[in-house]
Every structure is written in structure tokens, then in C-alpha cells.
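Protein chains get the first letters and strands the later ones, always in sequence-line order, with residue 1 at the start of each. All values derive from a computational prediction rather than experimental measurement. Just so you know, these numbers use all the heavy atoms, side chains as well, and skip hydrogens, waters and symmetry mates.
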Amino acid sequence: MPELPEVETTCRSISAWALGRRIDTVVCRRMHLRLPIPEDLDERLRHQSLVAVFRRAKYVLLRFDQDTLLIHLGMSGSLRRAEPHTPLKKHDHVDFIFDTGTVILRYHDPRRFGLIVWAGQNYQNHPLLATLGIEPLHPEFTGKWLYQATRNRETDIKLFLMDAHRLVGVGNIYASEALFRAGIHPITAAGKLSKTRCERLCLCVKETLEEALSSGGSTLRDYVDGTGNPGAFQLELKVYGRTDQPCLRCGTLIRQIKQGQRSTFYCPTCQR
DNA sequence: ACTGGATCCTGACTGC
DNA sequence: TGCAGTCAGGATCCAG
């Protein structure tokens, strides 16, 4: 489900309404996602206030007075505001109930590929975060970095972009979109890219993510942000999901292939 | 170290 | 209408 723009949008919208609120209770209806949900969630979070909501890669971090929670939305997860009268849907696994029960942050995840765990004292050292790659929107992600990181790598550039141990936040949608924008064929061996093409790709990754962010992310099925609003970037997608439709630049039919068991979309004319 | 494949799980959709 | 097969925004683990 969510890639960097969707996770970031989720964090921002939760911040807007939940910061400073105090946990009343936490209700878990299901104890197992990708990992077990901590059993002491309610006991420990009770009466703590939410101090910060931020993102690392595709992880959401909720910092409370004493503890920080690490949340991943997997493929199908969402974290959004619910009111006391909002009816429970199937797969609404966890409710963080604030104040005197007036507002709820609700975790929903049909496929249960997500996770909720304690982040520990120093979240950067958490095993799930410690080995992650660099943030694509940070200044340290440059064409030069990309050029050096891809040397001698035979893996397809699209798979390289999606490898969170190198570069985080770029998932299946935005990898295809950024490569189209850069005019690079997704099967190109990462190590074969010239310095110039690395510069261009780096720029295109940043632009694609930033534009998606300003549209509030992409809503393909049921993605909604922390307030419940859908994104609009799906309207801007140039290749993702457009199999056999004409390329918006040259009219050639968009192709769909598999890379690493995931669908890739590209224009065989614009991308070489 | 790198690379490709299987895997976790449910729901939506397609074709017979 | 039902049933089987395929596919889906992620990331980990394992074998070669």
C-alpha cells in the first residue's frame, strides 16, 4: 500500500489532530500482524501524551512521553482518525483511544503485513531500522551517491531503487514512475548506468516523490491519510497500471513485465 | 556479498 | 451463482 509519500502524508495528517493528546486506552482486537503486537501496549501507553509523529523509510514512529512506537503499514495498512461512533470495520486491529474517548487513531490492515512494536530507547538502533538505506529526499541522496552505490551491481535498476537497504521509501509505483520520467529502461543493469544518467535518475526520483507528496499520495484501492482523506497522485501516474494504454508522451503502448515477482510498467520507446 | 525465489495474509477481480 | 486462478502499494528469509 503505502510508499514514502503515503507514509509521510499519514504522519503529517496525524500530527495535525493528535499531537499533545493523551492516551486513554489502547484496544487490540488481534495480537498478530507480521510480528506479535506487544502485550503491554495498553498498560504502558495509558496516560502518555503523543509528543511527535514522524517517518523513517516507510515506518511511522509515534513518540509518546516515555515510549516510542514503531509502526509499518505493510501493503494494505492504514492509520486514521476515527470518532467514537465510527463503526468498526473488519480488520480494524488496534484503537489508540485519546483523551476521554473523544478521538481514536485506528490501525486497519486486511493483509496483516504490517507491524506494531516498541521502538526502544534509541529508535535508530532498532534492528528494523538500523540497516536501512538513505532517504531519497535528503541532500545525501545525489547522482554521485547513486553512481557509486550501483557500481558492479548487476541487479536491474528498478529492483535496486526498491531495495530499502540501499535507498528507502521507493516502492513499486514510484520506481516505475521515476524510471519513466528519467527515460531509463527498468531492466538496465544498475552498474551500467553512466554518471549522467545517475544524476538524472536521482533528480527524477526526488521530483516524483515530491510531486506525489504535494498531491497527498496515491490512492489505488483504499489508501487514506491520517484524517481519512484519499490522495490524488494516482491521476498523475504516467505508466503504473497503464498496461496497453498509449504512452502520454509518444503514444507507444505501455508494457507490463515482472521483476522480482512485482509488476513493472514502462514505455519501450521512451525508456532505453 | 549479491541475486532470485518463496513466503506471510486477505480481498478483489477475471474467466469458466 | 460458484469456484479456481491471478494479482495486489512490502520486506524478510533462504539457498545457490
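Contact of A:R112 with B:dC9 (side chain to base): no donor-acceptor pair of N or O atoms is detected under 3.5 Å. Interface remark: the A:R34 side chain does not form any donor-acceptor pair with the C:dA11 base, using a distance-only criterion of under 3.5 Å.
Within the 4.0 Å cut-off from OP1 or OP2 of C:dA11, at least one side-chain nitrogen or oxygen of A:H72 is found. Here A:S76 does not reach the OP1 or OP2 of C:dG9: none of its side-chain N or O atoms lies under 4.0 Å away. A:R166 has a side-chain polar atom (N or O) that falls below the 4.0 Å cut-off from OP1 or OP2 of B:dC2. Contact check, A:Y174 against C:dG9: no side-chain N or O comes under 4.0 Å of OP1 or OP2. Note on A:K258: every side-chain N or O is 4.0 Å or more away from OP1 and OP2 of C:dC7. For A:R262 and C:dG10, the shortest distance from a side-chain N or O to OP1 or OP2 is below 4.0 Å. Distances shown here put every side-chain N or O of A:Q256 at or beyond 4.0 Å from the OP1 or OP2 atom of C:dT6. Regarding contacts with the backbone of B:dC8, every side-chain N or O of A:H32 stays at 4.0 angstrom or more from both OP1 and OP2. The side chain of A:K58 places an N or O atom within less than 4.0 Å of a non-bridging phosphate oxygen (OP1 or OP2) of C:dA11.
Stacking of A:F113 onto the six-membered ring of C:dG10 is present: less than 5.5 angstrom between centres, less than 30° between planes.
Nearest-nucleotide mapping onto DNA chain B: of A:Q261 and A:R153, the residue sitting toward the 5' end is A:R153. Residues A:S263 and A:G260 both approach DNA chain C. Their nearest nucleotides, taken by heavy-atom distance, put A:S263 toward the 5′ side.
In this structure, of C:dT12, C:dG9, B:dT10, it is C:dT12 that holds the atom nearest to the side chain of A:H165. Comparing B:dG4, C:dG9, C:dT12 against the side chain of A:I173 picks out C:dG9 as the nearest.
The separation of B:dG5 from C:dC7, taken at their P atoms, amounts to 15 Å, rounded to a whole angstrom. Using atom P as the reference point in both B:dA6 and C:dT6, the two lie 13 Å apart (nearest Å).
C:dG9 makes up no base pair with any nucleotide shown, lacking Watson-Crick or G-U wobble contacts both under 3.5 Å. Across all strands shown, B:dC9 forms no Watson-Crick or G-U wobble pair with both key distances under 3.5 Å.
Counting only distance, with no hydrogens or angles, the side chain of A:E177 and the backbone of A:K238 share a donor-acceptor pair below 3.5 Å. When atom types are taken as modelled, the side chain of A:E8 and the backbone of A:L4 share no donor-acceptor pair closer than 3.5 angstrom.
For the pair A:D109 CG and C:dA11 C1', the interatomic distance rounds to 13 Å; values are reported in whole Å. Atom pair A:I187:CD1 and B:dG4:C1' shows a separation of 14 Å (rounding to whole Å applied). Residue A:E154 contributes atom CD, which lies 17 Å from atom P of B:dA1 at whole-angstrom precision. Taking atom CG of residue A:L115 and atom P of nucleotide C:dC13, one finds them 12 Å apart after rounding to whole Å. Note: NE2 (A:H108) to C1' (B:dG11) measures 10 Å, nearest angstrom. Rounded to a whole Å, the CD atom of A:E3 is 13 Å from the C1' atom of C:dA11. Remark: C1' of C:dA11 and CG of A:L161 are 16 Å apart, rounded to the nearest angstrom. Distance A:N152 CG to B:dT3 P: 10 Å, rounded to the nearest Å.
Both tests do not hold together for A:R55 against A:Y59: distance to the six-membered ring centre under 6.0 Å, angle to the ring axis within 45°. Judged by the 6.0 Å distance and 45° axis criteria, A:R166 is not positioned over the aromatic ring of A:W145.
A tilted orientation is assigned to the rings of A:Y107 and A:H93, their planes being inclined by 30° to 60°. Using a 30° and 60° split on the angle between ring planes, A:H185 and A:Y266 fall in the tilted class, from 30° to 60°.
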A:R262 vs A:M162, side-chain contact (heavy atoms from CB on, under 4.5 Å): CA-CA, chis, key distance, verdict: CA-CA 11 Å; A:R262 314 291 300 279; A:M162 291 175 64; 3.6 Å; yes
